[in-house]
J.: 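Got a structure for you, questions after.
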2 protein chains.
Amino acid sequence: MPPSGDLPALLAVSFRAVMDRVHTHLAAEGFGDVRPAHGFVFQYLSFHPHATAVELGEHLGITKQAAVQLIDELDRRGYVERHPHPTDRRSRAIGLTARGRACIERVVAHWQDIERRWAELIGEERVQRLRGDLATLTDDTAGGRPVPLRPLW
Amino acid sequence: MPPSGDLPALLAVSFRAVMDRVHTHLAAEGFGDVRPAHGFVFQYLSFHPHATAVELGEHLGITKQAAVQLIDELDRRGYVERHPHPTDRRSRAIGLTARGRACIERVVAHWQDIERRWAELIGEERVQRLRGDLATLTDDTAGGRPVPLRPLW
DNA sequence: ACCATCTAGTCAAGTAGGTTGTCTATATGC
DNA sequence: GCATATAGACAACCTACTTGACTAGATGGT
């Protein structure tokens, strides 16, 4: 049996379906002004508390200028704030505000809800395998290069 | 064990890794002027030979106007051509040219190469299960609504 | 200590890939 | 046969990104 070659489309629609669902719920909770990129920013910041714009840009797969614009926007909307960087006076350390923390808390909760729902449908071991396989295969496909988050379209 | 909540990122990077790889190979084969959206257009056209702009827009998750622009671009570059629609004189049936068929042939070949490589890594049954699970979970997450291909970012 | 080089962020302009709104011609259903 | 719906065209606009040039501060070699 030849491979059917529909995996790219499956990856695309699964991502889209998850993001749509999360966004719907967030909007109902008062976070209607965030898009997927913002969620990934929050997540990154919660694991890297003193991240800089350059760092974020690399993680997301956008230029540092675009990253700065993103941060500006989140700053204006009260999700993040900039502090002087502890060791490098050129840099500005980006931190989540209370509102930012509230939002990422909801984002992660929704991600986990979906994951739990999936575990109900196909079983927890299979979700674990899905996760593990995706990580393995992505890593191999990328050939060791870091893979940016932003989908090219 | 709580769900770890990294699945959205995994879906994003797996899609990105696959698309990057395919694009690299296509560029080396003389198809450097196509992006992921074009590949999905070609694929759709090869299964729906007389598709229209509206139809394509719905499939991709963009407006009909954006779909027309996309088709214009592919037309100018010689990948598709427009024919009078057999039954509806408002419509224009979009068809692949020889170059378009050559391109989608390569696209699908690369998709299948990746799938075969994945089968070497984790076994064919597990790739099949990955595919099936993704389809099931996407369907459930979307709640029956059709899911557009284009990733929101 | 000095100087060449590198790096973080800024400023400004440009572009890609969409969007919404409006219009015409054709199709469809009662 | 007429009201309504649909396909595509045209135009204006917008958002999220890009490239390029620049400044202030960091870094490393001699």
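FYI, side chains are in, hydrogens and waters are out, and symmetry mates aren't considered; it's all heavy atoms of this structure.
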J.: How about NE2 on A/H50, more than 12 heavy atoms from neighbouring residues, nucleotides or ligands closer than 6.0 Å, or not?
T.: no

J.: Measuring to OP1 and OP2 of D/dT18, would you say a side-chain N or O of A/T63 lies under 4.0 angstrom away?
T.: yes

J.: Could you check whether A/A66 gets within reach of a base, just the sugar-phosphate, or nothing at all, counting any heavy atom under 4.0 Å?
T.: base

J.: Taking atom P of D/dT23 as reference, at what distance in whole Å does atom NZ of A/K64 sit?
T.: 14 Å

J.: Would you say D/dC17 has OP1 or OP2 under 4.0 Å from some side-chain N or O of B/W153?
T.: yes

J.: For A/I62 and for A/D88, locate the closest nucleotide of DNA chain D by heavy-atom distance; then report the residue assigned to the nucleotide nearer the 5' terminus.
T.: A/I62

J.: For B/T87 and for A/E58, locate the closest nucleotide of DNA chain C by heavy-atom distance; then report the residue assigned to the nucleotide nearer the 5' terminus.
T.: A/E58

J.: Given atom CG of A/L70 and atom C1' of D/dA16, what is their separation to the nearest angstrom?
T.: 9 Å

J.: Contact class for A/T52 vs. all strands (heavy atom < 4.0 Å): base, sugar-phosphate, or nothing?
T.: sugar-phosphate

J.: Does the side chain of B/S91 get closer than 4.0 angstrom to OP1 or OP2 of D/dG8 through an N or O atom?
T.: yes

J.: Rounded to whole angstrom units, what separation is found between the CD atom of A/Q69 and the C1' atom of C/dA13?
T.: 12 Å

J.: Is A/L96 close to A/F42 at the side-chain level, that is, under 4.5 Å between some pair of heavy atoms?
T.: yes

J.: Minimum heavy-atom separation for A/T97 to A/V80, with atom names?
T.: CG2-C, 3.6 Å

J.: What nucleotide among C/dG9, D/dC17, C/dT20 has an atom nearest to a side-chain atom of B/Q65?
T.: C/dT20

J.: If you compare all heavy atoms of A/D33 against all heavy atoms of A/R99, which two are closest, and at what distance to 0.1 Å?
T.: OD1-NH2, 3.9 Å

J.: Take the protein atom CZ of B/R82 and the nucleotide atom P of D/dA7, then report the distance between them rounded to whole Å.
T.: 15 Å

J.: Measure from the side-chain heavy atoms of A/V54 and tell me the nearest of C/dG9, D/dT18, C/dG18.
T.: C/dG9

J.: Kindly say if A/R92 contacts the phosphate of C/dT10, meaning a side-chain N or O under 4.0 Å from OP1 or OP2.
T.: yes

J.: Can a side chain N or O of B/R90 be found less than 4.0 Å away from OP1 or OP2 on C/dT24?
T.: no

